[in-house]
Every structure is written in C-alpha cells, then in structure tokens.
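Reviewing the structure listed below.
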Amino acid sequence: MTTTDSATIAMDLDRAWDLHPQVSVRPEPFGALLYHFGTRKLSFLKDRRLLAVVQALADAPTARAACLGAGLGEDELPRYGRALAVLVQSSMVVGRTP
Amino acid sequence: MTAPVTAPMTAPAPPPLVDLFERGLDAPICLTWELTYACNLACSHCLSSSGRRDPRELSTAEAKAVIDELEAMQVFYVNIGGGEPTVRADFWELLDYATAHHVGVKFSTNGVRITPDAAARLARNDYVDVQISLDGATADVNDAVRGAGSYATALRALENLAAAGMRNFKISVVCTRHNIPQLDAFKALADRYGAQLRLTRLRPSGRGADVWDELHPTAAQQRELYDWLLANGENVLTGDSFFHLSAYGQALPGLNLCGAGRVVCLIDPVGDVYACPFAIHDEFLAGNVRTADGFSGVWRDSELFRRLRTPQHGGACASCAFYDTCKGGCMAAKFFTGLPLDGPDPECVQGYGEELLARRDDGTRVPKPSGDHSRGTGSRKRTTVDLVLTRREAVTSPARPPVSECAEHPLAGLDLTTVGKDTAHA
C-alpha cells in the first residue's frame with residue numbers, strides 16, 4: 001500500500017480543479033473508492049465529506065469554494081487541502097481551466 | 001465512521017481500512033471472471049481444471065447482461081481468464097462491450113490468439129491489460145508444466161505485443177520448485193519485451209492439487225523468493241497471494257487480508273459465483289448469476305459471503321507472533337490440502353503448516369474440486385522435470401519489503417492509496 005507524505009505537498013486552494021476524466025468514483029459507506037483507468041491506481045477516501053468536496057470540484061470556481069460549499073469550516077481547510085494534494089499527486093485530481 | 005467530524009484534531013481515528021474491508025464492500029473492487037473452460041493447453045497445475053468447453057457456459061447475451069450489472073455496481077475492472085478466454089468466438093466482442101461500458105478488462109492468456117492484428121487492437125485500447133502466462137524462463141521448464149510448444153506460443157505473443165507498441169503488459173509466472181531458480185532470467189525476459197514481471201503463488205486448486213506436493217516451492221525456496229523480491233522491489237508485481245511470506249519478518253504492503261467474498265470473488269464460465277478464483281468447490285459456491293437477482297443479488301445476499309464478512313479468528317494461529325501479518329494465510333490452500341481453515345497455511349514460513357501436513361494420515365479427506373473439465377485422462381497426468389536447484393546468496397541488507405500487488409489474485413496490479421482523515425492505517 002502506498003503511503004504519501006502529504007505534508008510535503010502544497011495545494012493551491014484558489015484555483016479550479018477537477019477529477020481526471022479517466023477516474024471513476026464509487027461511493028461507499030466509509031467514504032469512496034476512486035479508480036484511475038489510466039494509472040490503474042485505486043484510492044480510498046475515508047471520509048464522506050472529502051467525497052463531497054471531490055464531487056464539487058468540477059462546478060466550483062476554486063477548491064476553496066468546493067470545500068466551503070461542502071460545509072467545511074475554515075479551520076478544516078488545511079487538512080482537506082492536504083488530502084486533495086495527495087489526490088493531485090496521484091493524478092486523480094487535475095487542474096482545470098475555468 | 002458516520003460520526004461527523006466536528007473537531008478535526010481530536011476526532012476519533014476511523015477504523016483501519018483493513019477492518020472495513022473485513023466486513024465486505026457493497027460491490028467487489030474487481031473480480032475474476034473465467035469465460036470458458038475450453039483451453040488449447042492442459043497445464044498440469046490449472047486452477048480450474050480446464051480443457052473442454054462446458055455446454056452450459058454463458059451465452060454472449062448473458063455475458064453482456066453480467067457486464068451491465070458490473071457497470072451498474074461500478075466494478076472497476078474484471079480479471080478475465082479461463083480456460084483460454086480468447087478461444088471464445090465472442091471474446092473480442094465482450095472485451096469491447098466491457099470497456100465501452102466502463103468496466104476495465106485485464107485478461108490472462110497463453111498467447112495462442114495474440115496475433116500481430118490482435119496485439120495492435122489491444123495496444124489501442126487504454127482500458128485493457130494483458131498478461132501472458134509463462135511458467136518457465138526456458139522452454140524445458142515451461143513446457144513441462146504447460147505443454148509442448150507453449151513456450152514458443154507465449155514468446156511469439158510477447159513479440160507481437162511489443163512490436164505493436166503495447167505498454168505495461170505482464171508476464172505472469174506461477175512460482176514452482178522448478179522455476180524459482182530462474183527468477184533473474186524471468187526478469188531479463190520481461191525487460192527484453194518491455195513487459196512487467198508478475199509472480200504468483202502455486203495453489204493446490206483444480207489440477208494444481210494433483211501436482212502441488214511436487215511443484216510447490218521448498219521452504220528454502222520460499223525464503224529465496226522473499227529475498228529476491230526484497231532485492232527487486234517495485235519493478236516486480238507479486239500477489240497478495242504471497243502475504244504468508246510476511247511472517248519472515250517485515251510485513252508486506254498490501255491488504256494482507258483474505259479478500260474472498262469481501263472485496264473479490266469469481267464468476268465461472270457457467271455463471272457460478274465462488275468466493276475466490278482458487279476455491280472452485282461447492283463449499284465456496286455462493287450462487288449463480290442466472291438467478292433472479294443476478295450477480296448483484298449473489299454478492300449482496302449470499303449466506304456464504306455474509307459468513308465470510310464476519311471477522312475471522314486465528315484459531316490455532318491466534319497465539320503466533322506473526323498472525324497479524326499473515327492472518328493464517330490462504331483459505332483455499334488450506335482447504336485443498338486438507339488442513340483446518342482456522343489453522344496455519346500449508347506453506348506457513350514458521351513451519352507449522354508442514355508439521356500439520358506431515359501429521360495427516362491416510363484417513364484425511366482432501367477435498368476434490370467440484371468440476372473437472374480436463375480433456376481425457378492424459379491431461380491429469382503428472383508431468384514434472386528434474387532440475388538441479390540452486391540457492392541464491394541471501395540478500396544481506398533488505399532495503400524494503402517486496403511490493404505486494406496481485407497477479408492472478410483479483411486485486412492484481414492495484415496501487416493502493418488511502419486519502420482522508422487517517423492516512424496512518426494498518
């Protein structure tokens with residue numbers, strides 16, 4: 001199982017992001033499974049709210065807006081930002097030009 | 001898990017992922033689907049005792065209906081095997097249907113139909129993975145198990161795939177007593193074709209039960225394999241199937257969990273659903289996709305699967321210091337060697353399985369696989385070669401444990417990442 005040192009990655013919360021077009025999302029009681037058909041990687045989201053954030057990315061102007069829209073508080077942004085950064089590093093989440 | 005996160009830094013840690021998986025998922029992550037029992041070969045260790053087509057095999061329409069269900073359940077991909085799946089007349093049609101319906105396909109083949117045209121077709125489809133089975137790095141070792149000419153067939157397929165520009169295809173090796181000394185040669189072969197090497201465990205399932213005693217790696221070879229994997233790290237895929245080797249010391253990455261009926265299962269050519277690809281026996285039969293509620297009904301409601309999704313206990317292994325890493329090993333391997341399911345794996349690296357095997361008397365009933373599609377009597381003939389076994393020098397400073405991905409195990413090739421509030425999981 002791959003572990004990623006999320007602390008070393010910076011996430012730009014103030015730009016637009018989206019799921020990679022080759023990523024499939026499957027909600028589960030504990031969160032979700034993400035599968036990338038290009039890299040053949042599987043990721044587990046262990047949090048339903050992180051799933052909500054990820055699903056909101058496509059229609060939100062920024063990742064910050066997606067987080068706040070999903071009901072997160074300002075104080076939670078750093079932690080969810082780190083989780084998103086892990087997804088960016090594995091190409092599950094990619095930058096989007098609004 | 002359902003409690004809202006109100007105070008991030010003090011929220012209770014969610015249970016480790018492996019515990020969630022132990023209770024099963026709403027749908028498998030992926031599954032093995034054997035399309036036909038027909039095969040041009042008669043490998044002595046065939047997991048599914050294949051050879052002749054079964055007249056009850058799913059029709060094209062029925063197979064497509066299964067794919068529709070898998071799409072609806074969001075099963076990300078299927079590992080297709082057999083038999084030799086490419087000898088089904090509708091193989092390419094089903095492959096295209098699956099990938100068009102967002103079900104990725106990985107298929108195992110002996111290479112018989114991987115012509116230059118087929119290779120070009122595969123190279124164009126991003127949703128397809130191919131693995132060519134090869135059980136010897138030389139023709140003599142391979143053909144002794146897989147049959148005369150099968151080495152040449154496999155190498156021609158590898159050449160065609162490489163020439164077509166196919167990337168990341170796999171050479172899939174079942175590790176035996178005779179090919180463990182060829183690990184470096186397998187790696188060189190894979191490198192030559194730009195392929196990735198996958199090593200999987202020999203199971204005493206199907207015809208494999210007949211040859212397991214002679215073919216399974218010796219205790220010294222298991223150690224040799226572990227050391228080799230430590231030295232070759234991330235460039236070689238192995239199976240969660242090898243997690244019993246974790247008891248040598250370092251726990252291997254991977255789920256370290258028997259996924260049978262929890263995250264994986266098998267659909268056989270006639271639509272029977274079994275807990276795992278290595279357990280084709282009535283004991284592990286959950287249902288059939290032809291029943292009213294289809295595959296999803298079987299996955300969801302089968303009494304067997306519900307039972308497998310309850311936490312398992314260590315039984316005789318509970319007091320072993322390595323139980324947490326090996327979890328007692330492989331259910332199918334125990335079952336088909338006549339060992340109790342709550343005891344050690346027959347290849348337990350601590351030697352407990354060997355002790356039990358030695359204590360089996362003639363009265364021990366070793367279960368036979370439920371189906372046998374072998375062709376004639378000759379196909380079950382034991383064919384092995386005599387080879388001088390050599391022991392590699394032990395690797396003295398293992399830098400990291402082997403990467404444990406699956407090959408014939410349905411979770412083959414997955415790169416697993418966990419993201420969320422607790423990334424430090426089991």
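What's counted below: heavy atoms across the whole structure, side chains too, no hydrogens, waters or symmetry copies. Quick note on labels: first sequence line is chain A, next is B, and so on, each numbered from 1.
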**Asked** Looking only at atom types and distance, does a side-chain atom of A/Arg26 sit under 3.5 Å from a main-chain N or O of B/Phe76, one as donor and one as acceptor?
**Response** no
**Message:** Tell me if a side-chain donor or acceptor on B/Gln74 pairs with a main-chain N or O of A/Ser24 at a distance below 3.5 Å.
**Reply:** no
**Message:** With a 4.5 Å cut-off on side-chain heavy atoms, are A/Arg40 and B/Asn168 touching?
**Reply:** no
**Message:** I want to check something: taking the side chain as every heavy atom from C-beta on, are A/Phe30 and B/Leu25 in contact at a cut-off of under 4.5 Å?
**Reply:** yes
**Asked** What residues form a salt bridge (charged side-chain N to carboxylate O under 4.0 Å, His left out) with A/Asp59, not counting sequence neighbours?
**Response** none
**Fill in**
Residues passing the ring pair (Phe, Tyr, Trp, His ring centres under 6.0 Å) test with B/Tyr97, sequence neighbours excluded, are B/His101
**Asked** Which atoms form the tightest heavy-atom contact between A/Glu28 and B/Asp26, and what is the distance?
**Response** OE1-N, 3.6 Å
**Request:** Carefully, step by step, assess A/Phe37 and B/Tyr77 under the rule ring pair (Phe, Tyr, Trp, His ring centres under 6.0 Å).
**Result:** CA-CA 9 Å; A/Phe37 283 96; B/Tyr77 63 88; 7.9 Å; no
**Message:** Around atom NE2 of B/His102, are there more than 12 heavy atoms from other residues, nucleotides or ligands closer than 6.0 Å?
**Reply:** no
**Request:** Can you establish whether the number of heavy atoms outside B/Arg167 located under 6.0 Å from its atom CZ is more than 12?
**Result:** no
